[in-house]
Amino acid sequence: MFTPIAEFIAKHYNLKAQEIKKLEGYGSENYKIESDDGTFILKLYEASCEQNLYELLNAENQIQLKLQAQSKGVFPVPQKNSNGEYLTYSETKNQYYRLLTYVDGDLFIDVEHTPELFYSFGKYVAEMDSHLLDFRHISIEARKNPWDLQYWNLNEKYAEHITNPTDRKLVEYFFLQNRERVEPKMNDLRKSAIHGDVNDWNVTVKDDGISGIFDFGDISYTPLINELAIVLTYAVMGKENPTEWVLPLLRGYHEVLPLEEDEIEVLFYLIATRLCISVCNAERAKTKGLFTEYIRVGEKVAWKLLKKWILINPLLFENEMRKQLGFELKVSIATELDLAKRHKHTCKALSLQFREPIKMTSAAFQYMFDASGRTYLDCYNNIPQVGHCHPRVVKAGQKAMAKLNTNTRYLNEVYNEYAENLLSKFAENLTKVFFVNSGSAASDLAIRLAMTHTKKQGIVVMEHGYHGNTRLGIDISHYKYNRKGGSGKHKAIIEAEIPNEYRSEVKNTGIKYAQKLIDKVDSNDLPIAAFIAEPIVGCGGQVPLASDYLKKVYPFIRGQGGVCISDEVQTGFGRLGKYFWGFEMHEVVPDIVVVGKPIGNGHPMAAVVTTDEIAESFETGMEFFSSFGGNPVSCAIGQSVLDVLEEEKLPENAQVVGEYLLGLFEDLVEKYEVCGDARGEGLFLGLELVTDRESKEPNTELASLIQNKLKENGIMVGTDGPFVNVIKVKPPICFTKENADQLAGGIEEILYAETRMK
Ligand code: PMP
């Protein structure tokens with residue numbers, strides 16, 4: 001028995017306590033008091049703990065009295081002390097006390113959840129909220145509570161304390177989405193006083209229905225929809241399919257207090273934001289030594305839901321809500337009209353992926369969301385190397401763009417810093433960088449550098465290689481000039497046969513093919529300026545150049561007075577796992593390196609890296625200028641990509657997950673006759689399909705079928721190779737083992753069905 005408490009309530013409330021129990025509390029100390037006159041809760045607050053506490057407690061009392069008078073629901077009712085006041089102040093202790101009736105029933109967290117209970121929950125909260133619509137209190141309106149969704153940004157600083165960067169990026173992503181998608185609408189949403197913390201510890205259940213709501217310590221004046229967002233966040237935590245559980249609760253709420261369309265539009269992100277606030281608060285508690293078991297449990301389930309939430313197409317969520325409430329759906333699937341419009345304004349040479357094109361609306365890391373509500377696992381886009389819309393990259397760009405965006409004719413620090421950091425990723429002799437805006441511009445410049453340096457014109461290119469869309473780019477891309485619409489080989493080009501281990505008939509493919517090339521060059525009197533190749537030929541069907549090939553070719557080319565160029569547009573920036581650049585895999589160092597795509601995670605930038613000597617040869621008196629290349633915005637973005645790669649250890653991830661996925665592909669090769677070869681490095685992989693193992697006849701039809709069927713199942717892969725029979729896998733390198741399982745499982749399902757049918 002807590003004697004001082006018993007004495008206190010006897011003195012101030014004239015109550016004789018039979019039993020007193022201390023309860024878990026947040027913001028106040030709480031005692032449950034059993035007495036002859038019923039059960040009560042005594043709440044005790046440190047007067048110094050919050051500014052305006054007196055006013056806030058008054059407001060809380062007023063709200064509860066209003067609910068007692070007007071609502072059908074059960075809520076704690078403030079009790080007057082012997083002076084006729086609802087608030088008791090102890091001067092000696094500098095504490096406030098309130099006595100409230102006890103709300104009886106089982107806690108929502110402890111009971112079995114059913115859709116009917118969720119429906120009743122929605123109605124109960126709406127009924128409560130309908131009485132709060134006209135409640136005003138200056139102290140509530142002035143309150144800046146970090147739990148109030150409109151003040152979400154007070155939590156942003158705690159996100160930085162999240163030690164695991166893979167977790168942290170989710171919070172940063174949703175905070176960013178909130179800033180972009182919710183914040184601009186905030187002022188137009190209807191505001192009201194709300195409970196502000198209807199979680200499953202504050203709600204009671206009796207006879208399969210909600211029987212009461214308590215703990216009004218977070219009342220706030222905020223957009224009304226925040227109430228529902230908070231209710232839903234807690235109600236669906238721990239649920240296998242959260243969206244399903246949102247629906248009955250939402251319907252119940254809407255039937256009593258109809259929601260507006262603009263409220264439905266922001267609900268998805270508000271729930272995400274509340275989850276982020278919850279995990280940030282756990283971080284705050286850790287830094288202040290206030291981390292309790294209660295917070296730890298809450299944090300764990302919040303993370304679990306956040307990791308589910310990132311997979312949900314926000315449009316699908318919104319449309320499910322709209323359907324439930326009878327609002328018009330926001331459906332905009334790819335239509336004939338979209339296609340017609342595109343073709344009206346655009347040359348058909350710009351192709352579309354998949355038989356039925358996808359209309360994309362948004363993306364998050366390795367997931368993309370389309371206009372029909374589907375989520376895709378992106379196994380194919382290697383430009384967003386660190387993940388689609390990575391918040392650190394987006395913010396770096398936004399910040400830099402707001403500050404200064406100009407060309408390289410002025411000195412600026414971001415340029416110098418980024419150039420230095422990028423170059424630090426290369427071998428010591430690669431010391432100079434030129435920034436441009438695309439891989440094409442970079443490979444074009446690389447060839448110019450080579451020609452200027454060597455004063456020669458001949459270029460050796462790899463079969464099936466692709467290097468760019470400029471005139472020169474096409475001339476050095478066998479993949480283009482030698483295929484449909486191409487005008488054939490330029491006279492200054494010598495083609496190197498691709499040293500493809502899988503398709504080669506000879507042993508020691510690398511050495512043999514290198515020799516073949518050497519013989520070819522020797523028998524040709526074209527003076528060689530450069531040899532250009534990708535370390536793993538992407539358009540050739542993810543074909544790694546056979547080992548020792550480059551080791552033999554590079555010295556030969558140099559011996560001829562030429563230079564060696566490695567096109568790392570596809571393979572660079574850690575995609576290959578243990579090799580930050582693809583040439584490292586071949587144990588060679590090029591004279592010129594072309595980098596692009598992942599360098600800016602989608603921001604249009606690229607670079608050429610070379611030696612002092614080659615750069616010096618380019619100082620001919622003619623200025624080199626790129627309007628956009630190396631501007632401070634691009635440099636800031638490029639730097640953020642390097643930072644994220646390091647922070648999130650993404651190359652290491654590419655290695656681990658890549659090896660795992662290659663293993664799964666190798667299993668498919670073992671199991672299925674039509675899987676001819678699995679190859680690649682890190683997260684740059686290919687699965688080659690054939691009609692049978694013996695003949696290795698390319699199975700273009702099956703590759704296309706797999707690609708399109710996977711798409712129907714929400715998985716995107718590419719196809720390529722001279723016979724378009726190779727499944728190409730090159731996802732954002734935050735790809736996980738679960739993603740790998742989903743992909744390999746998806747392919748196997750199709751293979752199983754196909755091979756059984758035959
Ligand atoms: N080189 C390689 C190996 C590429 O894959 C590409 C683009 N697919 C390029 C160069 C050209 O880059 P961009 O499209 O940025 O001009």
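Note that ligands are numbered from 1 as they come in the structure, with each ligand's atoms numbered from 1 the same way.
Between the side chains of D370 and Y376, at least one donor-acceptor pair of N or O atoms lies under 3.5 Å.
Ligand 1 has a nitrogen or oxygen under 3.5 angstrom from a nitrogen or oxygen of S440.
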Enumerate, atom names and distances included, each donor-acceptor pair closer than 3.5 Å involving a side-chain atom of residues 714-721, sequence neighbours excluded.
residue	atom	partner	partner atom	Å
D720	OD1	Y479	OH	3.1
D720	OD2	K728	NZ	2.7

Do any side-chain atoms of residues 394-407 form donor-acceptor pairs under 3.5 angstrom with protein atoms, and if so which ones, sequence neighbours left out?
residue	atom	partner	partner atom	Å
Q398	NE2	E180	OE2	3.1
N407	OD1	R409	N	2.8

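With respect to atom 10 (C) of ligand 1, the closest heavy atom belonging to the protein is H467 O, 3.1 Å. Counting protein heavy atoms only, atom 5 (O) of ligand 1 is closest to Q570 NE2, 2.7 Å.
Ring geometry for Y173 versus F365: interplanar angle of 30 to 60°, hence tilted.
Within ligand 1, counting atoms from 1 as listed, the ones closer than 4.0 Å to a heavy atom of K597 are 5 (O), 7 (C), 8 (N). Distances below 4.0 Å separate heavy atoms of G439 from the following atoms of ligand 1: 11 (C), 12 (O), 13 (P), 15 (O), 16 (O). For ligand 1, the atoms lying closer than 4.0 Å to a non-hydrogen atom of D567 are 1 (N), 2 (C), 3 (C), 10 (C).
Salt bridge E652/K578: absent, no basic N to carboxylate O contact under 4.0 Å.
The cationic group of K489 does not satisfy the cation-pi geometry with Y481, failing either the under 6.0 Å distance to the six-membered ring centre or the 45° limit from the ring axis.
Selection from V569, I532, V594 by nearest heavy atom to atom 4 (C) of ligand 1 gives V569.
The closest approach between E568 and ligand 1 stays at or above 4.0 Å for every heavy atom of the residue.
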